[in-house]
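Every number for a ligand or one of its atoms is a count from 1 in the order of the listing. Just so you know, residue 1 is the first one in the sequence shown, and it goes up from there. Computation of the quantities below employed the complete heavy-atom set of this structure, encompassing side-chain atoms and omitting hydrogens, waters and symmetry-equivalent molecules. Just so we're clear, the structure is a prediction, and the values are computed from it rather than from any experiment.
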Amino acid sequence: MSICQLLDFKSIDDERGQLVALEAMKNIPFQIKRIYYMTGLDSQYPRGFHAHKQLKQVAVCLKGRCRFVLDNGSKREEVWLDTPAQGLFIGEMVWREMHDFSNDCVLIVLASEYYAEDDYIRDYQQFNKEVNNG
Ligand code: T46
């Protein structure tokens with residue numbers, strides 16, 4: 001079973017461009033409490049390196065591309081995000097890293113909870129211990 005899920009969104013394309021609609025409990029599998037986005041990304045500076053205890057998220061690469069590394073404590077997977085017509089669903093207790101941002105990369109993230117630093121596990125050893133010992 002996969003650690004994360006790639007969600008395919010319907011893209012409504014015509015000569016004016018592309019439009020993708022994201023709706024809570026429809027193509028996004030939770031109620032959305034927070035949206036944040038990242039710009040000015042640089043391949044020299046990977047991001048993430050943490051897991052969340054409760055938070056569920058969907059990340060969408062609106063422009064450019066980047067590589068996600070997901071780890072559930074027993075296996076690792078890599079996923080490239082390079083289209084606004086796909087979202088990466090990441091559930092709770094999954095270690096995530098973001099690498100290899102293109103210069104034009106724009107990432108938007110839909111989150112199931114408000115920001116809470118105490119939901120983060122930023123130490124890999126601690127994550128590995130918690131996920132493997134229940
Ligand atoms: C995640 C990946 C995909 C806030 O104050 N509010 C917020 O909503 C967020 C997301 C962050 N912050 C603060 C916390 C830090 O002081 O912004 C600073 C940078 O956050 P962080 O280092 O956690 O950023 P990333 O890119 O490593 O991780 C982010 C999210 O934090 C995280 O939930 O899953 O993107």
Side-chain angles (χ1 to χ4, degrees):
M1 192 166 145
S2 193
I3 301 172
C4 57
Q5 283 167 266
L6 263 181
L7 309 175
D8 289 316
F9 302 134
K10 181 180 175 193
S11 181
I12 303 165
D13 302 354
D14 61 30
E15 61 279 9
R16 299 168 297 171
Q18 293 85 42
L19 185 153
V20 174
L22 304 180
E23 298 182 288
M25 307 306 292
K26 291 191 176 174
N27 55 358
I28 299 299
F30 49 77
Q31 294 290 0
I32 301 158
K33 285 196 181 158
R34 177 167 54 106
I35 296 172
Y36 59 93
Y37 43 87
M38 288 172 254
T39 57
L41 298 161
D42 186 325
S43 60
Q44 284 188 2
Y45 300 106
R47 303 186 66 116
F49 299 90
H50 58 256
H52 283 283
K53 297 174 194 166
Q54 305 284 341
L55 189 69
K56 297 177 179 59
Q57 302 193 105
V58 172
V60 182
C61 188
L62 292 181
K63 198 166 179 228
R65 65 184 182 283
C66 70
R67 180 171 61 91
F68 271 72
V69 173
L70 293 316
D71 181 327
N72 66 1
S74 25
K75 62 175 181 171
R76 283 202 154 210
E77 284 178 6
E78 284 193 358
V79 178
W80 279 93
L81 287 189
D82 58 4
T83 168
Q86 279 190 325
L88 180 66
F89 173 78
I90 311 173
E92 62 270 35
M93 292 306 276
V94 173
W95 185 264
R96 81 285 320 266
E97 300 171 9
M98 294 169 278
H99 298 268
D100 299 336
F101 301 108
S102 59
N103 288 340
D104 59 348
C105 183
V106 175
L107 267 181
I108 190 164
V109 183
L110 289 69
S112 64
E113 304 297 335
Y114 299 117
Y115 174 71
E117 186 57 37
D118 63 4
D119 189 66
Y120 285 73
I121 305 173
R122 293 189 183 270
D123 177 77
Y124 186 79
Q125 306 278 61
Q126 186 196 339
F127 162 72
N128 206 29
K129 207 165 125 188
E130 288 195 24
V131 84
N132 285 309
N133 297 338

Q) Do the charged groups of R67 and D100 touch, with an N to O distance under 4.0 Å? A) yes
Q | Distance filter under 4.0 Å to R96 heavy atoms, resulting ligand 1 atoms | A | 1 (C), 34 (O)
Q.
Quick test: of every protein heavy atom, which one is nearest to atom 19 (C) of ligand 1, and how far off is it to 0.1 Å?
A. R47 NH2, 4.1 Å
Q. Hey, does A59 sit under 4.0 Å from ligand 1 if you only count heavy atoms?
A. no
Q) Q126 and Y124: side-chain donor and acceptor closer than 3.5 Å? A) no
Q.
Apply side-chain contact (heavy atoms from CB on, under 4.5 Å) to residues L41 and C66 and explain how you reach the verdict.
A. CA-CA 10 Å; L41 298 161; C66 70; over 6 Å; no
Q) What protein heavy atom sits nearest atom 32 (C) of ligand 1, and how far away is it? A) H50 NE2, 3.0 Å
(Q) Tell me the protein heavy atom at minimum distance from atom 27 (O) of ligand 1, and give that distance in Å. (A) G48 N, 2.8 Å
Q. Can you list the ligand 1 atoms lying under 4.0 Å from a non-hydrogen atom of M98?
A. 2 (C), 3 (C), 26 (O), 35 (O)
**Q.** Side chain to side chain, F127 and D71, heavy atoms closer than 4.5 Å
**A.** yes
Q: Establish whether atom 4 (C) of ligand 1 and some protein heavy atom are separated by less than 4.0 angstrom.
A: yes
**Q.** Those atoms of ligand 1 less than 4.0 Å from some heavy atom in H52
**A.** 32 (C), 33 (O), 34 (O)
(Q) So L22 and N27, do their side chains get closer than 4.5 Å, heavy atoms only? (A) yes
(Q) Minimum distance, heavy atoms only, to atom 7 (C) of ligand 1: which one of Y114, Y115, Y37 is it? (A) Y115
Q | Under-4.0 Å salt bridge between D119 and K53 | A | no
Q.
Taking only non-hydrogen atoms of Y120, do any sit less than 4.0 angstrom from ligand 1?
A. yes
(Q) Nearest non-hydrogen contact with atom 21 (P) of ligand 1 belongs to which option: M38, R122, E113? (A) R122
Q: May I ask you to say whether E97 pairs ionically with R76, meaning some side-chain N is under 4.0 Å from a carboxylate O?
A: yes
Q | Top protein contact for atom 8 (O) of ligand 1, by heavy-atom distance | A | R34 NH1, 2.5 Å
**Q.** Chi angles and distances behind the side-chain contact (heavy atoms from CB on, under 4.5 Å) call for F68, L107
**A.** CA-CA 12 Å; F68 271 72; L107 267 181; 4.3 Å; yes
Q) Quick one: do the S112 and Q57 side chains pair a donor with an acceptor below 3.5 Å? A) no
Q. Atom 23 (O) of ligand 1: protein heavy atom closer than 4.0 Å?
A. yes
Q. In terms of residue, atom name and distance, what is the protein heavy atom nearest to atom 30 (C) of ligand 1?
A. Y36 OH, 3.2 Å
